[in-house]
Visitor: 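The structure follows.
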Amino acid sequence: MTNVAVIGTQWGDEGKGKVVDLYAEKAHVIVRFQGGNNAGHTLVVRGEKTILHLIPSGILHNNKICIIGNGVVIDPGVLIREIDQLKARGVLPADTKLFISDRAHVIMPYHKSIDTERESRLANKIGTTGRGIGPCYEDKISRQGIRICDLLDKEVFRERLMSNLEEKNFYLTRRFDADPLDGEQIFSEYLSYAEYLKPFVADTSLIIAEEARKGKKILFEGAQGTHLDIDHGTYPYVTSSNTTVGNACCGAGVGPGMLNNVIGICKAYTTRVGEGPFPTELSDDIGRYLQETGQEVGTTTGRKRRCGWLDVVLVNHAIRTSGITGLAITKLDVLTGLERIKICVGYRTPSGEILDAVPANMKVLLACEPVYETSDGWSEPINQARSLEELPKNARRYIERIEVLTGVPLVLVSVGAGREETIVLKNPFGG
Ligand code: GDP
Ligand code: IMO
Ligand code: MG
């Protein structure tokens, strides 16, 4: 049986949500395996926009199982609001089930306070989303975390909360001069969340295994992007989880044999929200054109995304670290109207050396100049194209060049935000 993982190849916001929504039609189980509500995945179905932060992007389809895996960090208030909003809009199909892993870690109010207090004082800011993601993962690794199963056990929850709070309040008040947090208030607030979420909680690794045994197809939905990966990204300007495909195993509780096809989502240009090096960033009219035409505004924080040319060095790094088997090019329509289009194919160091891999040292990366290939653009709108033949010659050449430079076959080209605005080249589940 073929299963599929969807991974961002850049710095997030590549259009993973759109592609997962599209592929969900062919899958039965859709699993988020890392990150939290730092993610913002946008689906546009019949002209109606849905933004998901925690719920898997298969949720709008009938008769699916959507899973928030153990590797996700969950802000329960945000999750409940997300469920309620979908219900209120009447878009949550009655026969689609949502499950939350009992092993997922819970984002607590002190995680959010520490995240924002730290960021406001850092000289070299990371530009986090302020959602408490990093501090929650820190507690997970230092074995101080509170998991969903702990939240459901009143005694365990009280004990862990109060002991954590002693340390967190010391840190917040002494290090940041911030107000201490009230344990009883958090306790009762989070108990009400536990009550609401209880029916959704399960050992989700067991559910995935059972569905796989029945021959059902599993779709793993990555959040963020390869260059925000804690190991393989532009450290320290990264998020606090592994965003590459290996974490689909750890964060969902499956073995690597279950991941057959890995689809890398690659925007036709590059964007980044937050701080950190960005070799192909454009601060000129073209950068503004991409930002405005692509409506490049952060889905979670509303910050303007930084924009630049496509960087194949980044994409090849993603292909290697996740074993990507197929590429989905998104937002090709945004390049319409540009006279000339560039692709970065290497980095030139100050000593003239050409690098074809991303250096680990950010000082080295910052000093690099992109080496570009330039091609002619196109002016015809392409949103209506449903086959490669319907694309203007130069648009076709551009994506064919990406295929050559990466050595990975294209499986999809997205030409608009809508589910139907897509050129599907291959079914990643086979058949
Ligand atoms: P994700 O985090 O990877 O799921 O991506 P986001 O949803 O944060 O950002 C992608 C944005 O681009 C969303 O507003 C999508 O609706 C939009 N989008 C996705 N694919 C296309 C496309 O092919 N063309 C255009 N114009 N917009 C797209
Ligand atoms: P999706 O899934 C783009 C960025 C933040 C910041 C850095 C660390 O929608 O692609 P964090 O709050 O995670 O500690 O912030 O990571 N970031 C994202 N950028 N898309 C995302 O998710 C992101 N999630 C985190 O802007 O630079
Ligand atoms: Mg996003």
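These numbers come from the heavy atoms of this one structure, side chains and all, not from hydrogens, waters or symmetry mates. First listed ligand is number 1; within each ligand, the first listed atom is number 1. Here, residue 1 is the first one in the sequence, and each next residue gets the next number.
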Visitor: Regarding atom 2 (O) of ligand 2: of the candidates Glu119, His41, Arg272, which has the closest heavy atom?
Guide: His41
Visitor: Run through Gln291, Glu292, Arg303, Arg305 and flag the one making a side chain to side chain contact (heavy atoms under 4.5 Å, CB included) with Val297.
Guide: Gln291
Visitor: Give me the residue, atom name and distance of the protein heavy atom closest to atom 3 (C) of ligand 2.
Guide: Asp13 OD2, 3.2 Å
Visitor: His111 and Glu138: side-chain donor and acceptor closer than 3.5 Å?
Guide: no
Visitor: How does Arg303 reach ligand 2, if at all, at less than 4.0 Å between non-hydrogen atoms: by side chain, backbone, both, or neither?
Guide: side chain
Visitor: Check Ile218 against Asn3 and note the closest heavy-atom contact, atom names and distance.
Guide: N-OD1, 2.8 Å
Visitor: Between Val238 and ligand 2, which residue portion shows a heavy-atom distance shorter than 4.0 Å: side chain, backbone, both, or neither?
Guide: backbone
Visitor: Specify side chain, backbone, both or neither for Trp11, according to which of its non-hydrogen atoms lie closer than 4.0 Å to ligand 2.
Guide: backbone
Visitor: Quick one: which ligand 2 atoms are inside 4.0 Å of a heavy atom on Gly127?
Guide: 5 (C), 6 (C), 26 (O), 27 (O)
Visitor: Quick one: do Arg121 and Glu117 make a salt bridge, cutoff under 4.0 Å?
Guide: yes
Visitor: Among Glu14, Lys49, Lys331, Glu296, which one has a heavy atom closest to atom 21 (C) of ligand 1?
Guide: Lys331
Visitor: Would Tyr110 and Tyr171 count as a close aromatic pair, with their ring centres under 6.0 Å?
Guide: no
Visitor: Tell me which one of Gln10, Lys16, Arg419 gets a heavy atom nearest to atom 3 (O) of ligand 1.
Guide: Lys16
Visitor: Need the ligand 2 atom indices (1-based, order shown) with element for anything under 4.0 Å from a heavy-atom of Ala39.
Guide: 1 (P), 2 (O), 9 (O), 22 (O)
Visitor: Under 4.0 angstrom from ligand 1, any heavy atom of Gly416?
Guide: yes
Visitor: Just to confirm my output: which protein heavy-atom neighbour is closest to atom 15 (C) of ligand 1, and how far is it?
Guide: Thr42 CB, 3.9 Å
Visitor: May I ask you to check if any N/O/S atom from Gly40 comes under 2.8 Å of the Mg ion (ligand 3)?
Guide: yes
Visitor: For Tyr372, is the NZ or CZ atom of Lys342 found under 6.0 angstrom from the centre of its six-membered ring and inside 45 degrees of the ring axis?
Guide: yes
Visitor: Any idea how Tyr23 and Phe429 line up, ring-wise: parallel (<30°), tilted (30 to 60°), or perpendicular (>60°)?
Guide: perpendicular
Visitor: If you have a sec, work out which protein heavy atom is nearest atom 10 (C) of ligand 1 and how many Å separate them, to one decimal?
Guide: Asp13 O, 3.8 Å
Visitor: Specify side chain, backbone, both or neither for Val415, according to which of its non-hydrogen atoms lie closer than 4.0 Å to ligand 1.
Guide: backbone
Visitor: Evaluating non-hydrogen atoms only, which member of Thr239, Asn38, Leu228 is closest to atom 17 (N) of ligand 2?
Guide: Leu228
Visitor: What atoms of ligand 2 come closer than 4.0 angstrom to any heavy atom of Ile126?
Guide: 27 (O)
Visitor: What atoms in ligand 2 come closer than 4.0 Å to a heavy atom of Ala223?
Guide: 2 (O)
Visitor: Tell me if the aromatic rings of Tyr237 and Trp11 count as close, with their centers under 6.0 Å from one another.
Guide: no
Visitor: Does the N or O separation between Val44 and ligand 1 drop below 3.5 Å for any pair?
Guide: no
Visitor: What is the nearest protein non-hydrogen atom to atom 24 (N) of ligand 1, stated with its residue, atom name and distance?
Guide: Asp333 OD1, 2.7 Å
Visitor: Are side-chain N/O atoms of Lys18 and Ser414 paired as donor and acceptor at under 3.5 Å?
Guide: yes
Visitor: I want to confirm something. Looking only at heavy atoms, which of Gly35, Gly40, Gly15 is nearest to atom 2 (O) of ligand 1?
Guide: Gly40
Visitor: Examine ligand 2 and decide if any of its atoms is less than 4.0 Å from a heavy atom belonging to Gly40.
Guide: yes
Visitor: Restricting to N/O/S, name the atom of Asp13 that gets closest to the Mg ion (ligand 3).
Guide: OD1
Visitor: Give the residue, atom name and distance (to 0.1 Å) of the protein heavy atom nearest atom 4 (O) of ligand 1.
Guide: Gly17 N, 2.8 Å
Visitor: Just which atoms of ligand 2 are under 4.0 Å from any heavy atom in Gly274?
Guide: 27 (O)
Visitor: Centre-to-centre under 6.0 Å for Tyr193 and Tyr196, is that the case here?
Guide: no
Visitor: Which residue owns the protein heavy atom closest to atom 23 (O) of ligand 1, what's the atom, and how far is it?
Guide: Ser414 OG, 2.5 Å
Visitor: What part of Lys16 sits under 4.0 Å from ligand 2 if we count only heavy atoms: the side chain, the backbone, both or neither?
Guide: side chain
Visitor: Do Lys267 and Thr271 have side-chain atoms, one donor and one acceptor, less than 3.5 Å apart?
Guide: yes
Visitor: Heavy atom to atom 9 (O) of ligand 1, shortest distance: which of Lys18, Arg305, Gln224, Gln295 holds it?
Guide: Arg305
Visitor: Looking only at the side chains, is there a donor atom on one of Arg272 and Thr234 sitting less than 3.5 Å from an acceptor on the other?
Guide: yes
